[in-house]
Amino acid sequence: MDLFSSLKMAWQSLLANKMRSFLTMLGVIIGVGAVIAMVALSQGTASGITSRISSMGSNLLTISAGGSSGPIRGVSTSKLTNGDVEAIKNLPLVKYVASESSVNSATIAIGSNTWTTTVDGTAPELMTIKSWDTVQGAFFTASDVDSVNRVAVLGSTVVTNLFADGSSPLGQTIKINGLSFNVVGVLSTKGSSGPDDPDDIIYIPLSTAQQRLLGSTSVKSISVQATNEAALTPLKEYISTLLRQRHRLAATADDDFRIRDMAELLATIEDTTKMFTFLLGGIAGVSLLVGGIGIMNIMLVSVTERTREIGIRMAIGATTRAILTQFIIEALLLCFIGGIIGVFVGWGTSQLLSVFAGLTMKVEAWLIAVSMGFAIMIGLFFGYYPARKAANANPIDALRFE
Amino acid sequence: MAENLIALENISKTYYGAGEPVYALRSISLNINSGEMLAIMGPSGSGKSTLMNLLGCLDKPDSGSYDFAGQDVMTLDKDQLANFRSIVIGFVFQNFNLIGRATALDNVCLPLIYAGVSSRKEREKRGRQMLRMVGLEGREHHLPRQLSGGQQQRVAIARALVNEPGMLLADEPTGALDSKTTVEIMLLLQRLNREQGLSVVIVTHEADIGLHCQRIVRLNDGLIVKDEIVTEPYLAKMQAG
């Protein structure tokens, strides 16, 4: 029995019960659609996060105060200082170093407009390390840091809120916690993918922040760009040794700082998102499984209803195998058509979510292939038992069946 | 001397149900020659349906020997029986048993698919030939429900003959038809028997149908009670007008 004839027969019997075929398919449609939409959502989110992190530069190390097993993080007594920063600058394999120290909620005012945001004291190298751009003016320079100048570079969210009338912020004077600063530049929008808005920030020279706003020479974090990716591991070692020495830590004491590299962070995030993908895909997969059970149910009804037809087919020469093939193909066809519609439903849902909810969705070819493959396996699995039942019918009993 | 087509010897079939065993056939022997037109008659419960199932290779006897055109049927398994009957036997049923959602042509071509004729062109060519032979040219693409009872039975006959079997096995072929259409069908069967040398076995309880055949085998209580030659079979004729 050739494939084309089998497909034609299966198609005819699905058409004979259009409504029933459609409702049966609906289980697969929803299942495949849900798998695609769910996985596309988690894949999209994951790729958004990872691309942002890798755009920060993969040769990057971030050193922060407080050990991994120290006192409660954030209230650590240990500190990184300007001296640590200068010492790191002299290490080999180091390309750029920028330290940061920030005031978490500073009040910014221009005229009667006020805005509360983070003010970050740093060095001009940070701009290079994180490969940022300015849309207006320029980042402050090393001489601004040396002269403790009161200059500020604004993030785009700050600009939108403080200069709502559209006037240019360049050259204007803003007040940060009551102190006047001259705006020298505006950063290009980096865009947000979560609750933290990376554009809601103001950068000022580190020296100015330490002396005018914080009154301390400690730094919150140090960003170090290595000369290349291979240098990361030895560099981490050098920095660790250097800081332990400078902080006079006993050989048995834990580090009072943490060094993280971006590749490590990336790996952690990828693990997390992978887990999310499996979780969401798994939940959606359950609905596909339920759809498969629906197919089995309807195929069993169909086999009983068509007992007489099976008898006729056997009387005119259909073998067990031919009947088995026919019913399995019917189940497969249901799943295949349902799967294709489901792919479009899932893809459409993803488009809608990305347009109306602003979510990043990523429908990849492998996702479509896997969910179609899964749908077809469901058809094969749940179609087999009813088909087996049909094929084992006794032709005499089947012919007598009313 | 006509060639022997079927040789049944000491055939028995017993059904074991909930109650007493039912002895449907008790050691019967029957020979059918090639080109014969034969009626199997008997009241219900006489074993004629069982005999028909055995002749049609839908079932196997419990004991005895069964030779069909040189093939020992007793040794075939379920799938071999299916293949065998698709080649040597054509079935016609009382209620036509066409596949409702397939056209007349598709119904006729179905046995060819099961027999492994893979060329669609070839199948349709033979299907059309068969429909022409039973006088249904031009109805190829009608669905069974768009055809009259007589026409449906003709489609069924065309389907039964498309594999060029040695024997046509008809179970009450006119049971669901009016007298006029009955005559048409009997005319067709007689013509096929006469012109093509097709062996025809008709299971019926209508005496009139039996008299259209050359030989009548009467069953009662699982035994052959009478095996007679019809000296002057009725010739079915189309009524004038």
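So that the names make sense, note that chain A is the first sequence line, chain B the second, and so on, each numbered from 1.
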With B:Ile209, which of B:Glu172, B:Met41, B:Met186 fulfils side-chain contact (heavy atoms from CB on, under 4.5 Å)?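 Answer after filtering B:Glu172, B:Met41, B:Met186: B:Met186.
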Check: Under a 4.5 Å heavy-atom cutoff, which of A:Thr319, A:Ile396, A:Thr320 has the most pairs with chain B?
Finding: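 Of the candidates given, the most pairs with chain B belong to A:Ile396.
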Q) For B:Glu9, does the CD atom sit with more than 12 other heavy atoms under 6.0 Å from it, leaving out its own atoms? A)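 Open: at most 12 neighbouring heavy atoms sit under 6.0 Å from CD of B:Glu9.
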* Considering residues, nucleotides and ligands other than B:Tyr15, do more than 12 of their heavy atoms fall under 6.0 Å from its OH? ->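 Atom OH in B:Tyr15 is crowded, with more than 12 foreign heavy atoms closer than 6.0 Å.
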Parallel, tilted or perpendicular: which one describes the rings of B:Tyr66 and B:Phe68, with boundaries at 30° and 60°?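 Tilted.
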Subject >> Toward chain A, the part of B:Leu58 with a non-hydrogen atom under 4.5 Å >> reply: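 Interface part for B:Leu58: both.
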Engaged part of B:Phe93 at the chain A interface, taking heavy atoms whose separation is under 4.5 Å =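 Looking at B:Phe93, just its side chain touches chain A.
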